[in-house]
Amino acid sequence: MIEVSNLFHSYKKNEDYAVNDISFRIEKGEIFGFLGPSGAGKSTTQGILSGLLELQKGDILIEGQARNAYPDKAFFNRIGVGFERPNVYKKLSAYDNLKFHAALYDVKTEDPKILLDMVGLGEEGKKLAGEYSKGMMQRLGFARSMINHPDIWFLDEPTMGLDPSTGNKIKRIIRKRQSEGTTIFLTTHNMFVADELCDRVAFIVDGKIVAMDSPKNLKLKYGQPTVTIEYLEDGKLKSQVLGMKNNEKSVLEKFIAEHEVKTLHSGEPTLEEIFIKLTGRGLE
Amino acid sequence: MKRVLNLYKKDMILGVKDVFILLEIAFSVIMMLLILLVVPKSIEQEDTVFIYDKTGMTARLGAEMHEGNMQMNGQIFVDSREAVVEGMIENKSAVGLIIEKDPRGKFRTELLTQPYSNAAQLNYLEVVLEDIFSVFSPPFGAYPQDVYRSVSVIALQDNQRDSIPFNRMLLPIVIVTMIGIVGLFAMISMIAQEKVDDTIRAYRVAPSSIYAFIASKHLVMLTISIVTFSVMYLPIIGLGGYLPALLITLLTVIIGSSLGIMLGSFYEEPMASFGWVFLLMLLFTLPAISLLAPVFSPDWLKIIPSYHTLFGLDAAMFPDNNTHIIGQSILLLGAWAIPLVLISARMFRSQIRKGGIL
Ligand SMILES: Nc1ncnc2c1ncn2[C@@H]1O[C@H](COP(=O)(O)OP(=O)(O)O)[C@@H](O)[C@H]1O
Ligand SMILES: [Mg+2]
């Protein structure tokens, strides 16, 4: 569906690349995630794909069709973009924000009321967006990105700054849209979001993709299964993490034999642990 | 068009909440009231001249003039040089004139001025003197035709201005400052708001062009300007010349808005562009000097678009034989407006694209 090859981008138009030779493919109906720390080049990549930034160097094919430096109207009619920072008209009501945006499209658009209900703003739709909390504005922007029933959906840090229950609501909507056939590109620096939502994840750091696969495969490939042992020592509960690979088994057995073990949890590594292992950097 | 209307509706809602647009409307009401109620109808000082004429030439002239039914206002004849100076000390706006004959029998005049003497007045006096001498004093005999003409043109303008109340004469200047300058700020402010709130980015990923975006902002400025213009024009002047004056004003607004768009594409904060706005403000009000003192009207001043606004408005408001000035102003302002609209829109688009995503 979307094929990106050897993408570069420099804000200063020099050799200082914010996106440095990135290639990837997103299949139709897939949720594809960019996971990386702040400044890695996630938003820049998304900016180029969504047409905000000039395509300076590299190729983007949408359904086999090469794209120009800036996309055409047909493209904008089929995409939706959710932004990292909430960007809505603060002096318009939430409802008017959506109504205004809807009228920009040539294609059929969604009823603003339905969208507001969907993101939990139905009650406050008549309020000025400026009176919203940051999280509410974020949700309004998220709702706006769905207004034209996009079949390609770009989401930049979609759950950032939201409380867990609202975050879950957003995640459910994303999954539902995916089940309806929407192709989704999302960026996040949150390993849980990447793990829960993405069919495939690309680890990105310093403008380069370091690894790319499904979360499960990444864990299998790079992570080690572990056991977390809670045990009593000098009357205090302590814990210890040990590997489960064949050569580590004797250590594990010895530890269990020699301590007063209370609980045992086998654990798989988190994406962040793998990220650190591959890049030497954390996600924050 | 449907697109632009949608944008227009949004921009009007945002616009009437914009501090600069509110300021513009408030100011226009205040200015209207000031002009109507506070500014005096006339600030014309008596153009007093203290004359000491050793030769008696002017007395002869005065007699002839009276026969020709011409008023000789503000001329006070005294009989010594000292009396001229004393008179000037009393009346700070007066000038002095001393007429003598030199030993060879030629006229010699001395014009005494105050530091702040009105340049137009002096000019006028000088030419009148030239004229008088050419009539009354050989060797010229009959005065040359061209000298007389050049005198009469300036005199005509002066006389005409006398008949128009001063407060109404201020209106074109007020319109240019208010609508041009505050409008400029309002435009920068509207654009800056879209950038600060980042709403322009959401717009850019929708299938609607940046040009429609700009067009709508122009329409808002035009709408607000029609309101502010009417608020000032109708109570002060009435319906006479309303439409041509409105057209001239709106063309000026388009020029101002385009400059606002250019500045707006570089600045995120309206106040950050204040230096430029201030400079433009000076430049745009400069031709007002020429309107108040028509003798000062060098050619380079006519490059400034507001020159044509001022004189066009003046011609529309106070109909005399200058109707051709209205058409000329409209053409010249249009010639400025059209390229500026196009250039500013281009500039805005490329600047917005360069702005990146932060
Ligand atoms: N408008 C911009 N101008 C200059 N540099 C920028 C701009 N936007 C981003 N950058 C730089 O590009 C790099 C990538 O940024 P970004 O794509 O926003 O990262 P991420 O979204 O992964 O946090 C960073 O080093 C950032 O400082
Ligand atoms: Mg980012």
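Sequence lines set the chain letters: A, B, ... in the order given, protein chains first and strands last, and positions in each chain run from 1.
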Enquirer: Does any heavy atom of chain B fall under 4.5 Å from the side chain of A:I48, the backbone, both, or neither of them?
Expert: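 When you check distances to chain B, no heavy atom of A:I48 falls under 4.5 Å.
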Enquirer: Side-chain contact, heavy-atom cut-off 4.5 Å: B:L14 with A:K90?
Expert: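 No - every pair of side-chain heavy atoms lies 4.5 Å or more apart.
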Enquirer: Working to the nearest 0.5 angstrom, can you tell me the gap between A:D96 CG and B:K10 NZ?
Expert: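 Rounded to the nearest 0.5 Å, the CG-NZ separation comes out at 12.0 Å.
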Enquirer: Which atoms of A:F154 come close to chain B, meaning under 4.5 Å heavy atom to heavy atom: side chain ones, backbone ones, both, or neither?
Expert: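 Neither the backbone nor the side chain of A:F154 comes within 4.5 Å of chain B.
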Enquirer: Is atom CD of A:E123 surrounded by more than 12 heavy atoms (other residues, nucleotides or ligands) closer than 6.0 Å?
Expert: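 It does not: A:E123 CD has 12 such atoms or fewer within range.
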Enquirer: Is it the case that the side chain of A:N87 and the backbone of B:T199 share a donor-acceptor pair, with hydrogens and angles ignored and the cut-off at 3.5 Å?
Expert: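 Absent.
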Enquirer: Inspect the surroundings of OH in B:Y203 and state if more than 12 heavy atoms from other residues, nucleotides or ligands are less than 6.0 Å away.
Expert: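 Correct, the count exceeds 12.
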Enquirer: Identify the two heavy atoms, one from A:F83 and one from B:V205, that lie closest to each other, and give their separation to 0.1 Å.
Expert: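 Nearest heavy atoms, A:F83 then B:V205: CZ-CG2, 4.0 Å.
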Enquirer: Decide if atom NZ of A:K134 counts as having more than 12 heavy atoms of other residues, nucleotides or ligands within a radius under 6.0 Å.
Expert: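 Incorrect, the count does not exceed 12.
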Enquirer: Near B:L239 CG, under 6.0 Å, is it more than 12 heavy atoms from other residues, nucleotides or ligands?
Expert: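 It does not: B:L239 CG has 12 such atoms or fewer within range.
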Enquirer: Can you confirm whether more than 12 heavy atoms, excluding those of B:R346, are under 6.0 Å from its CZ atom?
Expert: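 No, not enclosed.
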Enquirer: Do B:K17 and A:L128 have side chains that approach each other closer than 4.5 Å (heavy atoms only, starting at C-beta)?
Expert: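 Touching, per the 4.5 Å side-chain cut-off.
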Enquirer: Which pair of heavy atoms, one from A:L92 and one from B:I13, lies closest together, and at what distance?
Expert: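 It is CD2-CG2, 3.6 Å.
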Enquirer: Checking heavy atoms, do the side chain of A:H9, its backbone, both or neither come under 4.5 Å from chain B?
Expert: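 Looking at A:H9, nothing touches chain B.
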Enquirer: Which bit of A:F100 comes within less than 4.5 Å of chain B, counting heavy atoms only: side chain, backbone, both or neither?
Expert: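 Both parts, heavy atoms under 4.5 Å.
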Enquirer: For atom NZ of A:K28, is the number of surrounding heavy atoms from other residues, nucleotides or ligands below 6.0 Å larger than 12?
Expert: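 Check passes, neighbour count above 12.
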Enquirer: Would you say CD1 of B:I338 has more than 12 non-hydrogen atoms from neighbouring residues, nucleotides or ligands within 6.0 angstrom?
Expert: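 No, CD1 of B:I338 has 12 or fewer neighbouring heavy atoms, counting only those of other groups under 6.0 Å.
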Enquirer: Which bit of B:K9 is near chain A, if near means a heavy-atom gap under 4.5 Å: side chain, backbone, both or neither?
Expert: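 Side chain only.
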Enquirer: Compute whether any side-chain donor of one residue and acceptor of the other, for A:Y89 and B:E194, lie under 3.5 angstrom apart.
Expert: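 On atom types as modelled, these side chains qualify, holding a pair under 3.5 Å.
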Enquirer: If I compare all heavy atoms of A:F76 with all of B:P207, which pair ends up nearest, and what's the gap?
Expert: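 Scanning both residues completely, I find the closest heavy atoms to be CB-N, 3.6 Å.
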Enquirer: Give me the atom names and distance for the closest heavy-atom approach of A:L52 to B:R204.
Expert: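 What the structure gives for the nearest pair is O-NH2, 2.6 Å.
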Enquirer: Is it the backbone or the side chain of B:L7 that comes under 4.5 Å from a heavy atom of chain A, or both, or neither?
Expert: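 Both backbone and side chain.
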Enquirer: Would you give the length of the straight line joining atom NZ of B:K354 to atom CD of A:E54, rounded to the nearest 0.5 angstrom?
Expert: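 B:K354 NZ to A:E54 CD: 10.5 Å, rounded to 0.5 Å.
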Enquirer: For the CZ atom of A:R85 and the CZ atom of B:R201, what is their distance to the nearest 0.5 Å?
Expert: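 Rounded to the nearest 0.5 Å, the CZ-CZ separation comes out at 6.0 Å.
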Enquirer: Could you measure the distance from the CZ atom of B:R349 to the OH atom of A:Y70? Nearest 0.5 Å is fine.
Expert: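 So the gap between those two atoms works out to 8.5 Å.
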